[in-house]
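If you're wondering where the values come from, they're calculated on a predicted model, not measured in any experiment. Naming: A, B, ... by sequence-line order, numbering from 1 per chain.
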Number of protein chains: 4
Amino acid sequence: MPDNEQKEQPRRRQARGERRIAQLLDAAATVFTTTGYTAASTNAIAREAGVSPGTLYQFFPNKEAIAIELGGRLVHEMQTAYGEALAPVDPATPLEEAVGAAVDRFIAFNCRHPVFFALMHGPDIPGRLTEEHDALHVALVGRVEGLLSSILPEAPVADIKRTAQMVLGIYMAGLELVLAHEGAERDAYIREVKTALTRYLDPLLGDRLGRPGLTTTP
Amino acid sequence: MPDNEQKEQPRRRQARGERRIAQLLDAAATVFTTTGYTAASTNAIAREAGVSPGTLYQFFPNKEAIAIELGGRLVHEMQTAYGEALAPVDPATPLEEAVGAAVDRFIAFNCRHPVFFALMHGPDIPGRLTEEHDALHVALVGRVEGLLSSILPEAPVADIKRTAQMVLGIYMAGLELVLAHEGAERDAYIREVKTALTRYLDPLLGDRLGRPGLTTTP
Amino acid sequence: MPDNEQKEQPRRRQARGERRIAQLLDAAATVFTTTGYTAASTNAIAREAGVSPGTLYQFFPNKEAIAIELGGRLVHEMQTAYGEALAPVDPATPLEEAVGAAVDRFIAFNCRHPVFFALMHGPDIPGRLTEEHDALHVALVGRVEGLLSSILPEAPVADIKRTAQMVLGIYMAGLELVLAHEGAERDAYIREVKTALTRYLDPLLGDRLGRPGLTTTP
Amino acid sequence: MPDNEQKEQPRRRQARGERRIAQLLDAAATVFTTTGYTAASTNAIAREAGVSPGTLYQFFPNKEAIAIELGGRLVHEMQTAYGEALAPVDPATPLEEAVGAAVDRFIAFNCRHPVFFALMHGPDIPGRLTEEHDALHVALVGRVEGLLSSILPEAPVADIKRTAQMVLGIYMAGLELVLAHEGAERDAYIREVKTALTRYLDPLLGDRLGRPGLTTTP
DNA sequence: GATGAATGAGGATTCATTCAT
DNA sequence: TATGAATGAATCCTCATTCAT
């Protein structure tokens, strides 16, 4: 079994590393959530993780790399654990129901991972998106585009893209409000997000019934 | 002439002070817009204004105070120069038209004062709003609330508040997209913002025609 | 002269600054001499100068800038206070005498400013000269070239350059030995430097007497 | 077979160890050459060698030890492979020829082992020579002393030492210039080094012909 | 012997803010 | 008022070295 040993040794070694990485990402999530991405410091993350700054830099070359990895894991978990929220929808499903289910899942996801919001609002200067912000954003917009395409296969790509951006924007705006409230008020905001999205999207689906549908570029 | 002197000295001083303040606020607007609020440094603002750091602190106790004052002036200008955008609407005006006009005015305002966006997205941590962010936000939400109230005088305050927050959120989300694009694409996004807001608000006005209207808290 | 082109107005304010700059350069000279350029830290320089790190950075953007300024001042002082050491030589002067006088002056200068040596041996990687090293070096080589040209006006530039580099190299090598010893031994090394340079240069002057002179590129 | 095993185990271990050491020293040579001794990091050396930092420290207690061992091996190789360059010279050989041959060999050696230069210019602070620098330096000076003694057996030791230091210094200064150039220019510098050394040493040999010879301490 | 995680002091540099002039 | 020097804690990041496995 020396073969086995040789194979497992690195694994074990990496095991500790993997644990540290997870630990550091958890700490980063906490700090990003608490202070925001820009104001977060790598030392604070290391402190939160209970390790020295040097240890952090053994696994991540800089702050952005942490955010990117964190974003990547969020997207991955979203796909695996919340995949249905973004799965193509049965065209027979009423829009209200589909939107409601999707929003519920997303809200649940974002409440479990509040860092998502902090990452989406990275060092925000409109037009100058940084990588990790972009990565997350692009990934999400991509999924929404896919969803919309599955419903409106004949719509022009440019329109789909725009609509997806708007949908994501409306959702994020609503999410901010949802996260800023609690209890019944939070629930009320969740309902508002669903309402806003449903109303925004409803007319687009018109063509399925012979109605005009998506506003197109002139 | 001592009387004269006493009167004129303060005036001159205030005049110079006002000029300095305006100069500093202009510089701050530039820096906030360029680097974002969090990353902006007071030294950079002073440099941009062509004065020394000490001078800056003669007029503002700290960085946040600059943002607050800047936000205040933005709100003030909005009221005076763009007041109609937030003025109570003639109930007879079609919603689409009213929203379209308001959005056009706001977009124009925000393009002339891009710092508005930077201030609204200050050190953004949901739930932990800082003063100046809050001030701007509260002011704007207040105006939107007023507008909605003028249209729906019977709606519960809580619902009005919620709707106003949503409206502002949707607008800001759209604004980010508008600012991130140019030319025809920008125009397309402006249209989308109008569409989204119109669709979101349209059903609320139903009671004026006997339709259900605002979703209310259960 | 170290100042940029823009500022001519503030004069007196800079008085304190000038003092600080001198103080910082003195401290830098001490630290560079003690630890060498590469190992010297800006914090150590600030500490040696009795100021905070921030103060140092008010006057110098980074470590290299300190070295460059220091080098510039050294060259300047060399020109003004030790100018004769590099002044064109009366062709009638016996070489031995001329070299002896020049070396004596240089040694005196370098003993008064031991940092000169540290700067000349900056972050030494042959081929990869850094700016401040280069600046000092180039300045000195230029002077030696001038000296040689004044003696051998007909020699090809390439040969003059090469000879100047060698002369400077031999001098610096000797200087290291001189600085590493004291008393009589130091004096003996000074004599050796003179001897080495005289012997190296003597044949070059042959053409003045009809002898072959400088070895030329084939 | 236990006997055999006992014998072979150490051998293998030593063999492996030697391989590791050679590997590490090669890596160190590369890094020292690239970044200079002071700026070189043990982690970088380990990385270059493809091993972990821990492994490096299993063979060397610290960075300086690596330099010392590297210097030792260089000296050793110089003795074995380039020994003739430092072998006592047949007094009948013309100086020019002897110096030319020696310089050629040394230059060849230094071009094959560019780390030599980096080590000789270690954390250079005149007067405060560190061990490994000293070791290399002392070894080389010793050999040059031997050479000179073989030619001038009656010269005082102090004079021999001084001359040897000067010879080494001139050579190192020339080497720097040689390494900093390429092609024809490099060749020209090689010629200059030979010239400088020949001219410096030539008068010393005078006593062999009844001429004064070495300048002595008064 | 080998690994790679861990350390923590120290590196350069910045920044909000204060103070003497 | 205005200046610009001064601060010192905090920033990101590196490095020689050690330690558990």
Side-chain angles (χ1 to χ4, degrees), chain A residues 6 8-10 12-21 39-46 49-64, chain B residues 12-13 16-17 20 39-47 50-64 66, chain C residues 7 9-10 12-21 38-46 49-64 66, chain D residues 9 12-14 16-17 19-20 39-47 50-64 66:
Chain A
Q6 279 173 3
E8 290 222 338
Q9 279 291 359
R12 273 179 204 153
R13 298 287 153 88
Q14 283 180 0
R16 223 181 354 155
E18 282 301 331
R19 235 177 294 136
R20 268 287 124 89
I21 288 175
S41 85
T42 54
N43 281 3
I45 294 171
V51 302
S52 68
T55 298
L56 184 153
Y57 280 91
Q58 201 127 33
F59 298 100
F60 301 99
N62 51 49
K63 190 165 76 164
E64 192 169 5
Chain B
R12 269 182 205 155
R13 274 184 196 166
R16 237 199 320 179
R20 272 283 123 95
S41 87
T42 54
N43 283 354
I45 294 171
R47 206 181 311 127
V51 303
S52 67
T55 299
L56 184 152
Y57 279 88
Q58 215 127 27
F59 296 98
F60 301 99
N62 52 46
K63 189 164 84 164
E64 193 169 6
I66 303 175
Chain C
K7 295 173 186 173
Q9 283 225 350
R12 279 162 205 166
R13 298 290 155 93
Q14 283 181 354
R16 217 178 2 150
E18 282 301 332
R19 233 177 297 135
R20 268 288 123 90
I21 288 176
T38 309
S41 86
T42 55
N43 283 2
I45 294 171
V51 303
S52 67
T55 298
L56 184 152
Y57 280 90
Q58 201 126 35
F59 298 100
F60 301 99
N62 51 48
K63 189 165 79 164
E64 192 169 5
I66 302 175
Chain D
Q9 278 289 1
R12 269 181 205 156
R13 275 183 196 168
Q14 282 183 1
R16 237 198 321 178
R19 234 177 294 136
R20 271 282 125 94
S41 86
T42 55
N43 283 355
I45 294 171
R47 206 181 312 126
V51 303
S52 67
T55 299
L56 184 153
Y57 278 88
Q58 215 128 27
F59 296 98
F60 301 99
N62 53 46
K63 188 163 84 165
E64 193 170 4
I66 302 175

Item checked: From I66(B) atom CD1 to F59(B) atom CZ, the distance as rounded to the nearest 0.5 Å -> 11.5 Å

Next item on the list: Take atom CD of Q58(D) and atom P of dG4(E), then tell me their distance rounded to the nearest Å.
Entry: 13 Å

Check: Reckon F60(D) touches a base, only the sugar-phosphate, or nothing at all at heavy-atom distances under 4.0 Å?
Finding: nothing

Margin query: Any heavy-atom pair between the side chains of T55(B) and S52(B) that's under 4.5 Å?
Written below: yes

Please list, pair by pair, any protein nitrogen or oxygen found under 3.5 Å from a nitrogen or oxygen in nucleotides 13-15 of chain F.
unit_1: dC13(F); atom_1: OP2; unit_2: Y57(A); atom_2: OH; d: 2.6
unit_1: dC13(F); atom_1: O5'; unit_2: Y57(A); atom_2: OH; d: 3.4

Next item on the list: Examine dA2(E): is either OP1 or OP2 under 4.0 Å from a nitrogen or oxygen in the side chain of R20(D)? Give yes or no.
Entry: yes

Next item on the list: In whole angstrom, give the distance that lies between atom CG of L56(A) and atom P of dG8(E).
Entry: 15 Å

Next item on the list: May I ask you to verify if any side-chain N or O of S52(B) is less than 4.0 angstrom from the OP1 or OP2 atom of dG4(F)?
Entry: no

Item checked: F60(D) CZ to I45(D) CD1 distance, which is reported to the nearest 0.5 Å -> 9.0 Å

Notebook entry, point to check: Can you tell me how far the CZ atom of R47(D) sits from the OG1 atom of T42(D), to the nearest 0.5 Å?
Noted result: 9.5 Å

Notebook entry, point to check: Which whole-number value in Å describes the distance from R19(C) CZ to dT21(E) P?
Noted result: 10 Å

Next item on the list: Let me know the distance between CD1 of I45(A) and C1' of dT11(F), rounded to the nearest Å.
Entry: 12 Å

Next item on the list: For DNA chain F, just give me the dot-bracket, please: Watson-Crick or G-U, both distances below 3.5 Å, ( ) intra-strand, [ ] crossing earlier pairs, | paired with another strand, . unpaired.
Entry: .||||||||||||||||||||

Note to self: To check you understand the geometry: which heavy-atom pair defines the closest contact between L56(B) and A46(B), and what is its length?
What the structure shows: CD1-N, 3.9 Å

Checklist line | Separation of dG4(F) P from I21(C) CD1 (nearest whole Å) | finding: 13 Å

